[in-house]
2 protein chains.
Amino acid sequence: MNHNQEQDAKQRILLAARKCFAAYGFDRTSVRQICEEAGVNVALVSYHFGGKENLFYALFEAYFPKKEEAERMKVEDPVGAVKLLIEEITRMRIHYPELISLLQQEIALMSPRIPIIRQHAFPIWERLREVLQAGKDQKQFDFESLDQAMLFVLGSLFIHKQWPYFEPIMSDPQPNFEASVSYATFFILRGLGCSDS
Amino acid sequence: MNHNQEQDAKQRILLAARKCFAAYGFDRTSVRQICEEAGVNVALVSYHFGGKENLFYALFEAYFPKKEEAERMKVEDPVGAVKLLIEEITRMRIHYPELISLLQQEIALMSPRIPIIRQHAFPIWERLREVLQAGKDQKQFDFESLDQAMLFVLGSLFIHKQWPYFEPIMSDPQPNFEASVSYATFFILRGLGCSDS
DNA sequence: GTCTATACTACGATAGAC
DNA sequence: GTCTATCGTAGTATAGAC
């Protein structure tokens, strides 16, 4: 069934779309551009996915972490769970940057596609909320508002995706995975009022 | 010269552009849309600004804080300077949300307009770096990497613009100016290892 | 300074041949 | 399953009348 080293057109479109949407955003990316990148004909997007918008959703369906991933954050160990989240988001940002780029672009635009994106991401943010609340109850974290604590954690993590924008004023090169995790853990746990490291 | 309560077409275009670009992003906004909102003819964007792109730049020229604003952050009082930055960014986010929306969208997309946007924003971020470094030298702040400390501060502030995205899982309504400043100051100063409040 | 009319390009989608 | 050809729409910019 594998046509030599060629994947089928559907898969090639999916990969090209991930690349193009992340690099240029949904609006700046044309179906023609995706198909050129994939080396297939323009008509195949309509045929396989039913249009540009559905191709976008198929991307999240295929590559976004599933709800079960979130359940690896154990409520019984809030500090460990927060560390796990920091590692997982950092890993995703470094090794699979496209989906996070896409997510941030869509949120910044509050695009019409947000409701479906929420369905994929909210299980993870909900789990983070449970973990933070548990940490507060167990006196490992100290904060007043759960909403604010969640924003603070995610804000500290998401901003790293914007390194290229800040690059001209940065003094050091972008840190690797281990250093990123270590820096983020430092600021976030201290911000949450947690003395452990 | 003031045609009754009518401003001149150029000013009306500028206001309409600020509104539309922020709401829909640069790409999703058409010149026709801006001109309809402004109540002027489509051709006037080309005439007054020389095209859609230059209209965008004129927006930053007109509304973005000038370099002198940054100099209100006094290096001699790092904690006060960080508090001032938190207040100013929060004020801008609440009272003039359009430019921050626009800035975040452009950064998320790493649009071709980033180099000119940098010229407006970098003086402020540079000043923040000086302030953080001074605070570290004076042992009021404690961190290892200046780059990371700056990202952490700005990430904690910028994420608040994305409240509408998170809204369905939030337990409280979006806080007002004073509460926002107070929450942000709490997390940021603690994250910087500063015990003052 | 403002408007009408239009030129030109690009987009997304689809019908129909292969 | 894939391609060619084309339709309808919308985009930016400009020439020229007022």
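In what follows, chains are A, B, ... by sequence order, proteins preceding strands, each numbered from 1.
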Colleague: Produce a footprint string for nucleotides 13-18 of chain D: one letter per nucleotide, 5' end first; B if the base is under 4.0 Å from any protein heavy atom, S if only the sugar-phosphate is, - if neither.
Modeller: SB----
Colleague: Without placing hydrogens or testing angles, list every side-chain donor-acceptor pair under 3.5 Å for residues 142-154 of chain B, not counting sequence neighbours.
Modeller:
residue, atom, partner, partner atom, Å
B:D142, OD2, A:R190, NH1, 2.7
B:S145, OG, B:D147, N, 3.3
B:S145, OG, B:Q148, N, 3.0
B:D147, OD1, A:S171, N, 3.0
B:D147, OD1, A:S171, OG, 3.1
B:D147, OD1, B:R129, NH1, 3.0
B:D147, OD1, B:R129, NH2, 3.0
B:D147, OD2, A:S171, N, 3.3
B:D147, OD2, A:D172, N, 2.9
B:Q148, OE1, A:H160, NE2, 2.9

Colleague: Check the distance between D:dG11's P and B:L55's CG and give it to me in whole angstrom.
Modeller: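 Value for this atom pair: 15 Å.
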Colleague: Pull out every residue in residues 17-27 of chain A that has a heavy atom closer than 4.0 Å to any atom of DNA chain D, ordered by number, or say none.
Modeller: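 None, since no heavy atom is under 4.0 Å.
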Colleague: How many Å lie between CD on A:Q11 and P on D:dG1, as a whole number?
Modeller: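 The answer, rounded to whole Å, is 14 Å.
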Colleague: How many Å lie between CZ on A:R28 and P on C:dA10, as a whole number?
Modeller: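 Those two atoms, CZ and P, are 14 Å apart.
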Colleague: Only pairs under 3.5 Å count here: list side-chain donor-acceptor contacts from residues 86-99 of chain B, not counting sequence neighbours, and write none if there are none.
Modeller:
residue, atom, partner, partner atom, Å
B:T90, OG1, B:I86, O, 2.6
B:R93, NH2, B:S180, OG, 3.3

Colleague: Sub-3.5 Å donor-acceptor pair from the side chain of B:Q33 to the main-chain atoms of B:S30, do we have one?
Modeller: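 Judged by distance alone, yes, a pair lies under 3.5 Å.
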Colleague: Can you measure A:E36 atom CD to C:dC11 atom C1' for me and round it to whole angstrom units?
Modeller: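 Whole-Å distance recorded here is 15 Å.
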Colleague: Taking distance alone, no hydrogens or angles, what donor-acceptor pairs closer than 3.5 Å link side-chain atoms of residues 57-68 of chain B to residues at least two apart or in another chain?
Modeller:
residue, atom, partner, partner atom, Å
B:Y57, OH, B:E53, OE2, 2.9
B:K66, NZ, B:E61, O, 2.7

Colleague: Please report, to 0.1 Å, the donor-acceptor pairs under 3.5 Å made by any side chain of residues 113-123 of chain A, with sequence neighbours excluded.
Modeller:
residue, atom, partner, partner atom, Å
A:R113, NE, A:E106, OE1, 2.8
A:R113, NE, A:E106, OE2, 3.4
A:R113, NH2, A:E106, OE1, 3.2
A:R113, NH2, A:E106, OE2, 3.0
A:R118, NE, B:Y165, O, 2.8
A:R118, NH2, B:P164, O, 2.9
A:R118, NH2, B:Y165, O, 3.3
A:H120, ND1, A:I116, O, 3.2

Colleague: Could you tell me whether the side chain of B:Q140 and the main chain of B:C194 form a donor-acceptor pair under 3.5 Å?
Modeller: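 A pair under 3.5 Å: no.
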Colleague: My understanding is that only one of B:L44, B:V31, B:L14 makes a side-chain contact (heavy atoms from CB on, under 4.5 Å) with B:F49; could you say which?
Modeller: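 So, applying the side-chain contact (heavy atoms from CB on, under 4.5 Å) to B:F49 and each of B:L44, B:V31, B:L14, only B:L14 qualifies.
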Colleague: Evaluate the ring planes of A:F26 and A:F56, with Trp represented by its six-membered ring, and classify them as parallel (under 30°), tilted (30 to 60°) or perpendicular (over 60°).
Modeller: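 Aromatic pair A:F26/A:F56 classed perpendicular.
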Colleague: Atom NE2 of A:H48 and atom C1' of C:dA13: how far apart are they, to the nearest Å?
Modeller: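 Spelled out: NE2 on A:H48 to C1' on C:dA13 is 16 Å.
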Colleague: Does a nitrogen or oxygen in the side chain of A:S30 sit under 4.0 Å from OP1 or OP2 of C:dC11?
Modeller: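 A:S30 to C:dC11 OP1/OP2: side-chain N or O found under 4.0 Å.
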